[in-house]
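Report on the following structure.
Just so you know, ligand 1 is whichever comes first in the structure, and atom 1 is the first atom listed for that ligand. In this text, all values refer to a predicted model and were calculated from it rather than measured experimentally.
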Amino acid sequence: MPKLTYTTHLGMFDILPDESPKWRALENIIHEEAAKFNFEEIRTPILEQTELIKRGVGQLTDIVAKEIFAFTKGDSNYVLRPELTAPVVRSFVEHHLDQRGGSQKLYYIGPMFRAERPQKGRQRQFHQFGVEIIGSDDPVADVECIAFMMQIYRRIGIKNFDLKINSVGDPESREKYKSVLRDYLKPNFEELSELSQKRFEKNPMRILDSKEPEDQEFIKNAPVIRDYLNEDSSNHFELVCEYLNKLEIDFTIDPLLVRGMDYYTRTAFELTSPDLGSQDALAGGGRYDLLVEEIGGQPTPAVGFAAGMERLFIACEELDIALAPPKEVDVYIVTLGGAARTWGLTTLPKLREHGISATMDYLGRSMRAQMKDANRENANYTLIVGDNELEKGEFTLRNMKESEEDSFTLDGIIAKLA
Ligand code: HAM
């Protein structure tokens with residue numbers, strides 16, 4: 001019989017014990033900053049109805065056409081969520097969150113799934129944090145969303161990035177622009193890449209996003225949507241830019257920026273980093289004023305963004321930013337003999353009760369091996385106990401970093417370390 005070897009699926013990764021502290025550190029930062037912005041956390045299921053994602057994200061998008069993990073069980077079609085905007089809107093509509101009053105300022109952290117071809121910074125299971133502000137079309141909401149996104153990177157110390165922004169217009173502006181774009185591209189239709197030819201009729205704006213070399217010449221000289229925005233969309237965009245300036249958030253206007261989902265209207269933005277290589281998008285988002293209605297709710301404007309957490313960690317590595325200190329434990333109880341071992345076991349909860357983290361050997365090892373293990377566990381102190389110490393009621397507390405030791409009663413140790 002061949003030996004069985006089980007592994008994670010391609011593009012999916014375990015978060016191992018050495019890595020989990022940085023995840024927790026980032027999650028803590030997100031929760032803390034979200035609280036300062038008065039955003040509330042929302043958690044939704046990993047599995048959604050396939051139809052929601054098709055409808056919400058868009059049938060013609062790469063995500064729906066090629067990248068969803070979907071399956072059928074019984075009468076239901078399930079999809080592993082590829083993103084959270086459509087699911088959060090589903091939840092908003094399903095639970096009538098509008099009845100809570102005001103705009104809903106929601107944030108989330110969690111895994112997403114896309115069956116993409118894995119490479120550095122591109123995984124099949126990856127994690128996002130993000131915000132969805134549902135119920136406001138005020139440019140203040142767009143800018144608060146961007147400000148929150150920037151604040152996370154600023155706090156972590158990632159400063160080397162490029163915020164690009166654009167308006168993809170409202171449906172009226174977009175229809176006008178699409179027809180101008182088609183008229184412009186039509187004479188050269190045969191020279192466009194196969195993919196762009198496919199997008200020409202239904203989704204010509206996505207051609208602007210093409211990476212195919214044969215398209216670049218046409219993209220470079222293409223008309224820009226800004227010249228075709230109606231007054232509403234144009235004023236909205238002007239205000240977003242003005243408010244960003246007021247907050248001293250640097251940005252560039254990128255007339256070619258179109259995003260990969262169909263739900264965007266008006267504001268679209270992306271944050272890229274030169275520290276990331278080819279998958280250089282740290283985060284992206286924009287307005288989706290029609291999605292709530294599309295999914296069955298009342299017409300409700302909304303804006304949001306999502307950021308890739310693995311990509312944030314890649315940027316941290318490039319910049320030598322440690323998000324979490326190395327692991328440590330306050331006290332490692334080193335025991336010699338059976339009575340000391342029992343004393344150790346019953347002393348652990350007493351230390352922990354006082355907020356002192358504490359551990360001991362579980363393998364019945366020699367004192368020397370326990371000291372070595374205490375070093376490996378990065379213990380700040382070892383508490384050394386044998387029959388003599390038990391008799392006297394005084395124990396040796398060794399400061400592992402300073403290599404100094406002294407004797408204390410247990411109360412003395414607790415008083416010193418708590
Ligand atoms: P997105 O641009 O598809 O937008 O994803 C946001 C971020 O998730 C990307 O900028 C990237 O950092 C990360 N990301 C995406 N795919 C992968 C992958 N395969 N591997 C690793 N990281 C990845 C959205 O998902 C929208 N829901 C954002 C949004 C929220 N728009 C409005 N509200």
Side-chain angles (χ1 to χ4, degrees), residues 9-13 26 39 42 44 48 52-53 56-58 61-64 66-69 80-92 104-134 136 141-142 144-146 148-149 152-153 158 161-166 168 206 209 257-273 275-292 294-295 301-316:
H9 279 297
L10 182 72
M12 302 190 175
F13 299 93
L26 175 57
F39 292 155
I42 182 160
T44 60
E48 291 282 349
L52 167 76
I53 299 300
V57 174
T61 59
D62 285 349
I63 292 182
V64 169
K66 298 190 278 199
E67 297 168 2
I68 48 174
F69 288 103
L80 276 80
R81 61 193 196 186
E83 59 104 56
L84 260 185
T85 308
V88 168
V89 169
R90 191 258 320 129
S91 181
F92 173 89
Q104 302 306 306
K105 298 153 57 177
L106 309 170
Y107 78 100
Y108 50 78
I109 303 174
M112 312 294 152
F113 304 84
R114 296 184 193 174
E116 299 194 74
R117 198 165 43 79
Q119 64 178 88
K120 185 172 182 199
R122 191 162 70 191
Q123 303 180 184
R124 291 186 159 190
Q125 176 173 344
F126 59 99
H127 296 74
Q128 288 183 341
F129 66 91
V131 161
E132 312 295 347
I133 302 176
I134 308 178
S136 166
D142 306 47
E144 273 277 275
C145 192
I146 294 173
F148 175 78
M149 175 178 88
I152 300 294
Y153 297 100
I158 300 175
F161 43 53
D162 193 5
L163 174 63
K164 296 190 197 112
I165 124 157
N166 192 20
V168 294
R206 289 285 288 153
D209 204 24
L257 177 68
V258 283
R259 304 249 319 126
M261 288 91 174
D262 282 354
Y263 48 62
Y264 289 110
T265 51
R266 301 199 274 187
T267 316
F269 55 87
E270 219 156 65
L271 190 69
T272 56
S273 160
D275 298 314
L276 285 184
S278 74
Q279 299 301 310
D280 66 350
L282 278 171
R287 225 169 227 295
Y288 47 95
D289 293 333
L290 306 174
L291 184 61
V292 179
E294 180 74 32
I295 286 177
V303 62
F305 82 91
M309 295 170 76
E310 285 84 358
R311 292 195 191 173
L312 185 152
F313 292 133
I314 294 175
C316 284

- Task: Begin from the C-alpha positions of V64 and D262 and carry the test side-chain contact (heavy atoms from CB on, under 4.5 Å) through to its verdict.
- Result: CA-CA 11 Å; V64 169; D262 282 354; over 6 Å; no
- Message: Using side-chain contact (heavy atoms from CB on, under 4.5 Å), reason through E132 and Y288 one step at a time and then give a plain yes or no.
- Response: CA-CA 10 Å; E132 312 295 347; Y288 47 95; 2.6 Å; yes
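D289 places a side-chain N or O within 3.5 Å of a backbone atom of A302 that can act as its donor or acceptor partner.
The aromatic rings of F269 and F305 sit tilted relative to each other, their planes meeting at an angle between 30° and 60°. Taking the six-membered ring for Trp and thresholds of 30 and 60 degrees, F148 and Y107 have ring planes inclined between 30 and 60 degrees apart.
Protein residues with any heavy atom under 4.0 Å from ligand 1: E83, T85, Y108, R114, E116, G121, R122, Q123, F126, Q128, E132, R259, M261, Y263, Y264, A281, L282, A283, G284, G285, G286, Y288, G304, F305, A306, G308, R311.
The side-chain hydrogen bond (donor to acceptor under 3.5 Å, both in side chains) test applied to R124 returns no partner, not counting sequence neighbours.
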